Amino acid sequence: EMSMVTGVQTCALPICQTTLPREAGWLARGANRRMSKMVRALTGIQPSGPPHIGNLKGMVEPAVELQESTEPFYFIASYHAMTTLKDPELFRQYQLEAAATFLAFGLDPKRAALFRQQDIPEVCELSWILGTHINLGILERAHAFKSAKDKGKEINLGTFSYPVLMAADILLYDTNLVPVGKDQKQHVEMAKDFAAGFNHRYGEEIFVIPEPVIRPEVATVPGVDGQKMSKSYGNTLGVFTPPKQLRKRVMKVVTDSKEMADPKDPDSCNVFALYGLFATKDEQAELADRYRAGGMGYGHAKQALFEVLDRALAEPRERYLELMDKPEQIEDVLEEGAAKARSVALQTMERVRSATGLGARR
Ligand code: AMP
Ligand code: TRP
């Protein structure tokens, strides 16, 4: 019996990088025939709730920046969201919102393929094939499964095999780089291992070995309760929450209970951490001084946070509302994206089918 985790270690590329090094073309060498092509970046977002600023800073902004140096394949991870969301109307709404988010923050649909996971159902086929090569023990060590189990949550088969489907997403499209927040690092590492194991067994030309791209400064954005911001924790600041409600949410960010007069520590404060994601260096230094000096209440810091948030989000919010007003336009983009994605997917499946014996010998 074969274990997909063979200890095959591929490249030692520094995985924490904000911009792609010019020479990153070498990354594509996992498959020689694709060497001349551009580096492909791929990532997904679950349409399981309205996008929040953890998504924005951890993934959307870095992913949109990568369009300058890569060929972006970004998709709405509907099958993944289905492991937790079972309301058809909300589900459709969140899919549109996720797509509109990428576009509102500047993803250029001419350069990128923006698509829905379910529009290329071959991903399910690949997930099945990968799954027949993966031992349960590996999946039992996945964070999401472990924490669901620890919390006594109901775990469906989709939740358990979540990392397999995610590996299929990545491998189906010859992905070189996967821009994600830190919480997804383990999943991308698993995809690398599955790919290496599969290539080892069937031929080094089958899958490109991907690398995660994680920005250290936004690896984990805290939520209003100080835990990781997450759709499933109810602690988010929504990217497109109307300003009045957003302000109310910002006022809920937890702080310690120091009095107005007390000197405060910016480095251990959630409000300050969030402020740092949107404020300039000068603004940060200035607010940090006010923390340390005392005489400033947390209400003031929260107001400052709201203001930098609103400044950054106002324009994208307008674009977003325009887009959501014309869902047909979003649909058109998604359809075009699916066509681009499908042509790559079909080639990969051809290799996989042929190599495994599902298809004819090539
Ligand atoms: P999800 O909403 O779980 O589909 O996440 C979409 C992307 O946002 C993934 O790349 C996550 O790693 C990233 N992300 C989600 N929450 C956070 C957070 N609190 N901090 C940084 N990145 C995050
Ligand atoms: N699991 C990811 C998340 O929750 C979403 C996702 C699904 C993804 N498939 C992917 C991210 C492939 C990157 C690559 O954030």
Side-chain angles (χ1 to χ4, degrees), residues 4-21 23-45 58-59 62-63 65-67 69-75 77 80 112-113 115 117 120 122-123 126-127 129-131 133-134 138-139 142-143 162-215 219 340-341 344-345 347-349 351-352 355:
M4 292 297 293
V5 177
T6 53
V8 180
Q9 276 312 314
T10 47
C11 53
L13 182 84
I15 54 168
C16 293
Q17 52 184 14
T18 348
T19 49
L20 192 66
E23 64 278 15
W26 69 268
L27 267 173
R29 81 177 163 201
N32 289 333
R33 97 182 71 78
R34 294 181 288 280
M35 199 166 171
S36 57
K37 290 206 186 153
M38 258 190 111
V39 170
R40 180 165 295 136
L42 172 136
T43 195
I45 181 168
M59 186 275 275
E65 272 175 36
L66 276 175
Q67 76 181 333
S69 50
T70 67
E71 181 185 19
F73 269 42
Y74 300 155
F75 69 95
H80 283 107
F115 60 100
Q117 191 178 32
I120 294 90
E122 279 79 7
V123 76
L126 182 56
S127 180
I129 295 169
L130 291 174
H133 296 74
I134 295 164
I138 290 158
L139 299 178
H143 297 315
Y162 189 109
V164 184
L165 179 60
M166 180 156 159
D169 288 325
I170 296 170
L171 303 180
L172 186 57
Y173 303 105
D174 293 339
T175 304
N176 304 111
L177 300 176
V178 187
V180 282
K182 189 168 147 233
D183 60 340
Q184 297 302 314
K185 181 166 193 275
Q186 187 194 36
H187 289 149
V188 183
E189 296 298 338
M190 288 170 114
K192 286 177 67 169
D193 286 343
F194 300 159
F198 203 93
N199 283 355
H200 187 68
R201 167 162 287 224
Y202 295 107
E204 297 299 329
E205 289 281 284
I206 299 173
F207 293 131
V208 172
I209 308 294
E211 281 296 332
V213 180
I214 298 165
R215 273 196 190 170
K340 285 188 216 169
V344 179
Q347 292 174 45
T348 306
M349 288 318 296
R351 294 197 301 278
V352 170

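Residue indices begin at 1 and follow the sequence shown. Treat the numbers as computed from the prediction; the structure is a model and nothing was measured.
- With a 4.5 Å cut-off on side-chain heavy atoms, Thr70 and Leu177 count as touching.
- Checking side-chain atoms of Glu122 against main-chain N and O of Met349 turns up no donor-acceptor pair under 3.5 Å.
- Glu205 and Arg351 make their closest contact through O-NE, 3.5 Å (heavy atoms, listed as atom of the first residue, atom of the second, distance).
- Taking CD1 of Ile206 as the start and CZ of Phe198 as the end, the distance is 5.5 Å to the nearest 0.5 Å.
- The side-chain heavy atoms of Val180 and Lys185, taken from C-beta on, include no pair separated by under 4.5 Å.
- A distance-only check finds no donor-acceptor pair linking the side chain of His133 to the backbone of Phe194 [under 3.5 Å].
- Using a 4.5 Å cut-off on side-chain heavy atoms (C-beta onward), Asp174 and Gln347 make no contact.
- Taking every heavy atom of both residues into account, Glu189 and Pro212 meet most closely at OE2-CG, 3.8 Å.
- Pairing each heavy atom of Met190 with each of Pro163, the nearest pair is SD-CB, 3.7 Å.
- Between Val188 and Ile214 the shortest side-chain heavy-atom distance does not fall below 4.5 Å.
- Separating the CD atom in Glu204 from the CD1 atom in Ile209 is a distance of 7.0 Å, to the nearest 0.5 Å.
- For the residue pair Ala168 and Ser127, the shortest heavy atom distance occurs at CB-N, 3.7 Å.
- Two residues are said to be in side-chain contact when any heavy atoms from C-beta on lie closer than 4.5 Å; Gln184 and Met166 meet this criterion.
- How far CG of Leu42 is from CG of Leu171: 9.5 Å, rounded to the nearest 0.5 Å.
- Atom CZ of residue Arg40 and atom CD1 of residue Ile170 lie 13.5 Å apart, to the nearest 0.5 angstrom.
- Under a 3.5 Å cut-off, the side chain of Thr43 and the backbone N or O of Pro179 do form a donor-acceptor pair.
- Between Tyr173 and Ile120 there is a side-chain heavy-atom pair separated by less than 4.5 Å.
- Screening Leu130, Val123, Val344 against Leu172 for a side-chain contact (heavy atoms from CB on, under 4.5 Å) leaves a single residue, Val123.
- Within the 4.5 Å cutoff, side-chain heavy atoms of Phe207 are placed close to those of Leu126.
- Among all heavy-atom pairs drawn from Pro210 and Lys192, the shortest one is O-CG, 3.1 Å.
- When all heavy atoms are compared, the tightest approach of Pro72 to Gln67 is CG-CB, 3.6 Å.
- Here CG of Asp183 is found 9.0 Å from NE2 of His143. Values are rounded to the nearest 0.5 Å.
- Proximity of His187 to Val178: side-chain heavy atoms (C-beta onward) are nowhere separated by under 4.5 Å.
- Surrounding NZ of Lys340 are more than 12 heavy atoms belonging to other residues, nucleotides or ligands, all under 6.0 Å away.
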